[in-house]
Colleague: 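A single structure is presented below for examination.
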Amino acid sequence: MKRRTFWDRFYHRLFALAAGLCVLVLLGIFGMLLFNGFRFFESVSLWSFLGSSNWNPSAWGKATYGIGAMLWSTLLVSLGAMVLAVPLGIGTAAYLSEVAPGRVRDWIKPAIELLAAVPSVVVGFIGIVVIAPIISWIFGLSNGLNALNGSILLAVMALPTIISVAEEAIRSVPNTYKEGAYALGANSWTTLITVTLPACTSGLIAATMLGMGRVIGETMTVLMATGNANAMPHGFFDPVRTITATVAIEMGEVPYGTTHFYGLYALGAILFIITLIINLLAEGIAAKFRKQGR
Amino acid sequence: MENIKIAIRDFNLHFGSKHVLKNINIEFPANKIVALIGPSGCGKSTLLRSLNRMHDLSPDARLEGDILLEDLPLLHPRTDVVAIRRKVGMVFQRPNPFPKSIYENVAFGLRLTGTHTEADIRTRVESCLQQSYIWEETKDELQKSALQLSGGQQQRLCIARAIAVEPEVILLDEPCSALDPISTAKIEDLLLELKNRYTIVIVTHNMQQAQRVADFTAFMYLGEVIEYGPTDQIFNQPQQMLTRNYVEGHFG
Ligand SMILES: Nc1ncnc2c1ncn2[C@@H]1O[C@H](COP(=O)(O)OP(=O)(O)OP(=O)(O)O)[C@@H](O)[C@H]1O
Ligand SMILES: [Mg+2]
C-alpha cells in the first residue's frame, strides 16, 4: 500500500514535469522569436516591413526588408494546396467512413498514414524529378518549378491530416440522421451530400484548418520545388519563394546580430502568428463541433 | 379483418447466427393502428424495421419468407427499396430531425424526387405541419433550426416529415418514450387522426398507450408472435399465459 502511493506520486510528478517542460519550451521559442523580432524593428519600420514586397537584405547601402512577395507566395502556394487537398481529402474521408468495406479500409488507412511519414525532402525531390516535367509538358512552360508544383506537393502532404480529422468528423454524425434520410427514400449518395456532410460542417472546417497549418509551416518541399525566385508572383506558373524557404536559405549565411539576422526572426514570428491563429480557429471550431456532436 | 394492408408470411430473420425473428405470420389491416408489445429484446424493432427494409443497412441480417404490401413483395430483391421506403414511412424512438430548418426538414423527402416545384413544396410543407398539429407553433419561424424545438415538437415534426412523401404505412418505434405526458397525449391524438388516411404500426412499452390508440395488439416474446388480436381482447381476456403475465406486469 505504502509503496504504491510512493510510485503513484513519483509518476504523477514525472508526467507533470514532462508537461511543464513542453510548455516551457514553447514559451521559450515564442519568447525568443518575439525578442529577436523586436530588435529588428529598432532599425526597420513595421510599415516598410509589411508594406514593401522587396526583400533584398544584402544590397549594399540600401538593404530593403519587405515581406510582401514572400507573404503572398506563401498564401498563394498554401491556398492552391488547400483547393486541391480539401475536396480530395473530404471525398476520401467520406469514402472510408461511409462506403468502403472493412477490408478495403484496413488497407487504405495505414497507407494514408504512411504518406504522412514520407520525409519532406523526398517529397521535394519527387516534385523536381516527376511533377516539374509533367507541369512543363502539360502547360508548355520552360520550367515546372513554380507555385503550382509546390501546391500539388503540399496538398499531398496535407492529405493525411485532412483525411483523418474529416473521417472522425463524419463518423461522429449520429446514425439516426442517416437512418432518417434512408427512411424517406434517400440513397446513400444523397444522404451523404444533403445530411451527413452538412451535419459535420464544423468538423470538416477544423480538418481544413489543421491541414492549412501543416501546409503553411512546411519548408523543405517548397524550397526545393517552387523555383526559389524572390519576386511578386502573378499566378501559379510563376516561381516563388515562401517565408519558410527564405528563413531556411538565409539563416546559414547571415552574420550574427545584424539587422538581417533579426529580420529572419521577424519572419519566423509572422509565421508563428499565422499558424497560431489557424490552430486557435481550428480548435475553437472543433470545440463547438464536439458540443453539437450529440 | 377485412382489408389487409401488410401480410407477413413465414418470416424468419437472423443476425449472423442469431435467430431473432421466428416464423412470424401476421397481417396488418388498412387504416387501423396495430401495437407491437413485448419485453425488451424480443424483436419488436427488428420486425418493424423489416417492413421498410432498414435491415439492408446491416450486412449480417438474413431475411427469409414473404412480406407483402398489398401486392408488392417487400423482400423481393428486385423490388425497389426506395419505392418501398416512400410507401412505408418511419418515425424513430428518439426524435431525429435533420440539423436543418423546420421547413427543410419537411421538404427533404419532396426534394428527393426533384419533381415538385417550390410553390408545390411550400403548400405541402404547410399542410403536413398542419396535419401534425405543429403548424400553429412553428408557422412564424419555419426557418429556425429544427434542433431548437422541444422533444415533443421535434417528434411531431418527424411525423410531418414522414407524411410529406404521402406514404401508405407509417411505422413508429416507441415514438413517445423520450417525451413528457403532454407531448405524448398530443402524439396519440395525432395518430388517431392519421389512421383515417394511413395504416399505422407502433411499437410501445406503454400498456396504457397501446390500449388508448391501438385497434389490434400483437404480443411478442423471444422472437415469436405469441398472441395477436383486438387490443381489448389482448389486455382483458388474453388466451395465453405468457400474454396474461406480461400485460398484468408480472415480467418485462
Ligand atoms: N443489427 C443487429 N445485429 C445483431 N443483433 C441485433 C441487431 N439488432 C438487434 N439485434 C438483436 O436482436 C434482438 C431483438 O432486438 P430488437 O431491437 O428488435 O428488440 P426490441 O424488442 O425492439 O427491444 P426494445 O424493447 O429494448 O427496443 C436482440 O437480441 C438484439 O440484440
Ligand atoms: Mg426496440
Side-chain angles (χ1 to χ4, degrees), chain A residues 90 93-108 166-207 284-294, chain B residues 45 48-49 51-60 80-101 104-114 128 145-148 154-155 157-167 169-173 178:
Chain A
I90 291 179
Y95 172 75
L96 286 178
S97 54
E98 301 293 283
V99 186
R103 219 153 18 93
V104 176
R105 187 167 52 235
D106 290 345
W107 279 97
I108 293 186
E167 200 206 349
E168 199 183 314
I170 295 172
R171 266 180 201 288
S172 76
V173 173
N175 233 334
T176 56
Y177 287 171
K178 295 175 211 166
E179 287 191 335
Y182 285 125
L184 289 167
N187 58 30
S188 49
W189 170 251
T190 319
T191 303
L192 179 71
I193 296 297
T194 59
V195 175
T196 312
L197 290 185
C200 62
T201 315
S202 38
L204 300 180
I205 293 175
I285 295 172
K288 176 170 154 256
F289 144 75
R290 257 179 250 122
K291 239 183 283 159
Q292 280 181 353
R294 281 311 109 190
Chain B
S45 301
L48 200 70
R49 293 162 66 88
L51 302 181
N52 66 345
R53 291 261 299 267
M54 274 320 238
H55 295 305
D56 285 15
L57 301 175
S58 39
D60 59 343
D80 178 19
V81 65
V82 168
I84 292 176
R85 291 184 185 149
R86 298 182 76 84
K87 283 177 195 258
V88 184
M90 184 160 209
V91 176
F92 297 82
Q93 177 170 8
R94 302 201 138 268
N96 62 345
F98 303 127
K100 298 174 184 288
S101 69
E104 284 304 322
N105 262 277
V106 185
F108 184 87
L110 299 171
R111 293 198 195 288
L112 286 178
T113 53
C128 292
S145 165
L147 300 181
Q148 291 173 24
Q154 288 187 6
Q155 198 61 302
L157 179 67
C158 288
I159 295 176
R161 184 175 76 181
I163 60 181
V165 296
E166 301 187 321
V169 179
I170 303 176
L171 312 172
L172 303 106
D173 193 349

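Proteins come first, then strands; the chains are lettered A, B, ... in the order of their sequence lines, and each starts at number 1.
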Colleague: Of the listed residues (B:Met90, B:Lys100, B:Gln93), which shares the most heavy-atom pairs with chain A below a 4.5 Å separation?
Modeller: B:Lys100

Colleague: Name the region of B:Val81, side chain, backbone, both or neither, that has any atom closer than 4.5 Å to a heavy atom of chain A.
Modeller: neither

Colleague: In Å and rounded to the nearest 0.5 Å, what is the CZ to OG1 distance from B:Phe108 to A:Thr190?
Modeller: 7.0 Å

Colleague: State, with a plain yes or no, whether a side-chain heavy atom of A:Tyr182 is found less than 4.5 Å away from one of B:Asp56.
Modeller: no

Colleague: Give me the atom names and distance for the closest heavy-atom approach of B:Phe98 to A:Tyr177.
Modeller: CE2-O, 3.3 Å

Colleague: Take atom CZ of B:Arg111 as the centre, draw a 6.0 Å sphere, and report whether it contains more than 12 heavy atoms from other residues, nucleotides or ligands.
Modeller: yes

Colleague: At a 4.5 Å cut-off on heavy atoms, which part of A:Thr194 comes close to chain B: side chain, backbone, both, or neither?
Modeller: both

Colleague: Can you tell which of A:Pro198, A:Ser188, A:Gly185 has the highest number of heavy-atom pairs within less than 4.5 Å of chain B?
Modeller: A:Gly185

Colleague: Heavy-atom cut-off 4.5 Å, strictly under: side chain, backbone, both or neither for B:Arg49 against chain A?
Modeller: side chain

Colleague: Could you look at B:Pro167 and say if it's the side chain, the backbone, both or neither that has a heavy atom under 4.5 Å from chain A?
Modeller: neither

Colleague: What closest approach, in Å, do A:Ala183 and B:Asn52 show between heavy atoms, and which atom pair accounts for it?
Modeller: CB-ND2, 4.2 Å

Colleague: So which residue, B:Leu57, B:Ile84, B:Val165, ends up with the most heavy-atom pairs under 4.5 Å with chain A?
Modeller: B:Leu57

Colleague: Is chain A contacted by the side chain of B:Leu147, its backbone, both, or neither, given a heavy-atom distance below 4.5 Å?
Modeller: side chain

Colleague: I need the minimum non-hydrogen distance between B:Arg86 and A:Leu184, along with the two atoms involved.
Modeller: NH1-O, 3.4 Å

Colleague: Enter the distance from A:Asn175:CG to B:Asn96:CG here, rounded to the nearest 0.5 Å.
Modeller: 10.5 Å

